[in-house]
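Reviewing the structure listed below.
The residues of the chain are indexed from 1 along the displayed sequence.
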Amino acid sequence: MAAQPIWNISVVDINGSGIGIVPSAYDWTITYQLNQPTITQFKVPITSDAATVLEPGSAYIKIYRRAVGSSTNTLVFYGPVWVVEEQGANSGVDMLSVTAMDAMVYLGKRFTTAVYSSYTDQGTIIKGIIDTTNSTDGDTGIRTTVGSVSVGITRKVDFSDAKLPILDVINQFGDALDGCDTWITPIEYASGKIGDLRCDDIRGSLQSDAVFGYGLRTVANCPAMSRNRNMDLVANDVTGYVDAIAQNWVDTNSVSSYRRLM
């Protein structure tokens, strides 16, 4: 099997000071979400030293990735421990199941009454709302002065009566037809900040040369895989309605093979 990248997990406090490492973590995953916090989850034996410092809210997880053949550790996640679940086993090892999220999670517990009566760039609105909560409600750990926050699409908003959670605003902007994507890029601790705000019309870019492989005689850069084929997701006779007008589309080859799925 091909060589795999090296991952390191450590624990720090709210001020970025190291309080432990997590060498015994297993079943570890990191999940990137659209307009939602990045999540990391792992388990440790409940008797391990790491289990004693993984306190929700006060402990922060930092994850570094070192590529194959590289000596550079790249920070890929930084955020607070959010959920800790103690799991006893009838047989085997009792464990601690840990969920941590990046700093965007705090925006679900911060609110805004912002009003932008003139058309304003969506990224500028999100930046302004976060700047306001950072200064009036306390630091979220999100830095807004570095990185791209320009989307190029403008809108007016009035949250004066709604008092929406800021995370709901971000999702509203993302769900719109001309919306934007918002995410946090992890950074090393700097004056209370652990991540940079990023807003763009679309997150990421097309990677035409990406290769994923699992198993023998492949690049084997995936340690596990799954495949799900589900006919619930298939339709071959579709009718769309707009007012009194209907438009129908039928894939006759599919109907012949799978029967009519409307």
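- Of the possible donor and acceptor atoms, one in the side chain of N221 sits under 3.5 Å from a partner among the backbone N and O of G213.
- With values rounded to the nearest 0.5 angstrom, K43 atom NZ is found 12.5 Å from D94 atom CG.
- Residues R198 and D181 are not paired through a salt bridge, judged by the lack of any N-O separation under 4.0 Å between the basic side chain and the carboxylate.
- For the pair T124 and V149, the minimum side-chain heavy-atom distance is 4.5 Å or more.
- Atoms CD1 and CD1, from I129 and I170 in turn, are 8.0 Å apart once rounded to the nearest 0.5 Å.
- Between G79 and A100 the shortest heavy-atom distance is O-CB, 4.2 Å.
- Residues L107 and I142 have side chains in contact (heavy-atom distance under 4.5 Å, counting atoms from C-beta outward).
- Counting heavy atoms from C-beta outward, V81 and E55 have side chains that stay 4.5 Å or more apart.
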- Query: Run the side chain to side chain donor-acceptor pair (under 3.5 Å) check on S17 and N15 step by step: do they pass?
  - Reply: CA-CA 6 Å; S17 300; N15 298 312; 5.8 Å; no
Taking it one step at a time, do Q41 and D27 satisfy side chain to side chain donor-acceptor pair (under 3.5 Å)? CA-CA 8 Å; Q41 295 176 301; D27 286 352; over 6 Å; no
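- At most 12 heavy atoms of other shown residues, nucleotides or ligands fall within 6.0 angstrom of atom CG in D49.
- By the criterion of side-chain heavy atoms lying less than 4.5 angstrom apart, applied directly or through intervening Ile, Leu, Val, Met, Phe, Trp or Tyr residues, L167 is grouped together with L164 in one hydrophobic cluster.
- Closest approach of V76 to I30, counting heavy atoms only: O-CD1, 4.1 Å.
- Residues T40 and T29 fail the side-chain proximity criterion, which asks for heavy atoms closer than 4.5 Å.
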Take T154 and T120 through the side-chain contact (heavy atoms from CB on, under 4.5 Å) test and state the conclusion after the steps. CA-CA 5 Å; T154 61; T120 305; 5.7 Å; no
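- Using a 4.5 Å heavy-atom threshold, the side chains of F173 and N35 count as separate.
- A donor-acceptor pair is defined here as one N or O able to donate and one able to accept, closer than 3.5 Å; no such pair exists between the side chain of D13 and the backbone of G18.
- Taken from CD1 in I166 to CZ in R110, the straight-line distance is 7.5 Å, to the nearest 0.5 Å.
- For the atom pair D232 CG and N230 CG, the distance stands at 4.5 Å (nearest 0.5 Å).
- Rounded to the nearest 0.5 Å, atoms CZ (F159) and CG (D168) are 9.5 Å apart.
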- Task: For side-chain contact (heavy atoms from CB on, under 4.5 Å), just list the numbers for N134 and K193, CA-CA rounded to whole Å, side-chain angles, deciding distance to a tenth of an Å, and then say yes or no.
- Result: CA-CA 10 Å; N134 276 340; K193 303 298 192 291; 4.3 Å; yes
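- Distance alone, capped at 3.5 Å, places no donor-acceptor pair between the S257 side chain and the S254 backbone.
- When every heavy atom of P165 is checked against every heavy atom of G108, the shortest pair comes out as CB-O, 3.9 Å.
- Ring pair Y78/Y60 is perpendicular by interplanar angle, where above 60° counts as perpendicular and below 30° as parallel.
- More than 12 non-hydrogen atoms from other residues, nucleotides or ligands lie less than 6.0 angstrom from CG of L75.
- Listed for the S256 side chain is no donor-acceptor partner under 3.5 Å among the backbone atoms of T252.
- Annotation: side chain of I63 is in contact with side chain of I9 (closest heavy-atom distance under 4.5 Å).
- Smallest separation of non-hydrogen atoms from Q33 and I39: NE2-CD1, 3.5 Å.
- Taking each heavy atom of N236 and R259 in turn, the nearest pair found is ND2-O, 3.0 Å.
- Remark: D243 CG is loosely packed, at most 12 non-hydrogen atoms of other residues, nucleotides or ligands lying under 6.0 Å away.
- Side-chain contact between N8 and S10 is absent, with no heavy atoms from C-beta onward closer than 4.5 Å.
- Using a 4.5 Å cut-off on side-chain heavy atoms (C-beta onward), M95 and I46 make no contact.
- Looking at every heavy atom in both residues, A114 comes nearest to T112 through N-OG1, 3.1 Å.
- Within a 6.0 Å radius of OH in Y26, other residues, nucleotides and ligands contribute more than 12 heavy atoms.
- The distance from the CD1 atom of I184 to the CZ atom of F77 is 11.5 Å, given to the nearest 0.5 Å.
- In Q247, the CD atom is not crowded: 12 or fewer heavy atoms of neighbouring residues, nucleotides or ligands sit closer than 6.0 Å.
- Residue I202 places its CD1 atom among 12 or fewer non-hydrogen atoms of other residues, nucleotides or ligands, all under 6.0 Å distant.
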Let me see the working for V105 and W82 under side-chain contact (heavy atoms from CB on, under 4.5 Å), right down to the final yes or no. CA-CA 9 Å; V105 71; W82 209 248; 3.6 Å; yes
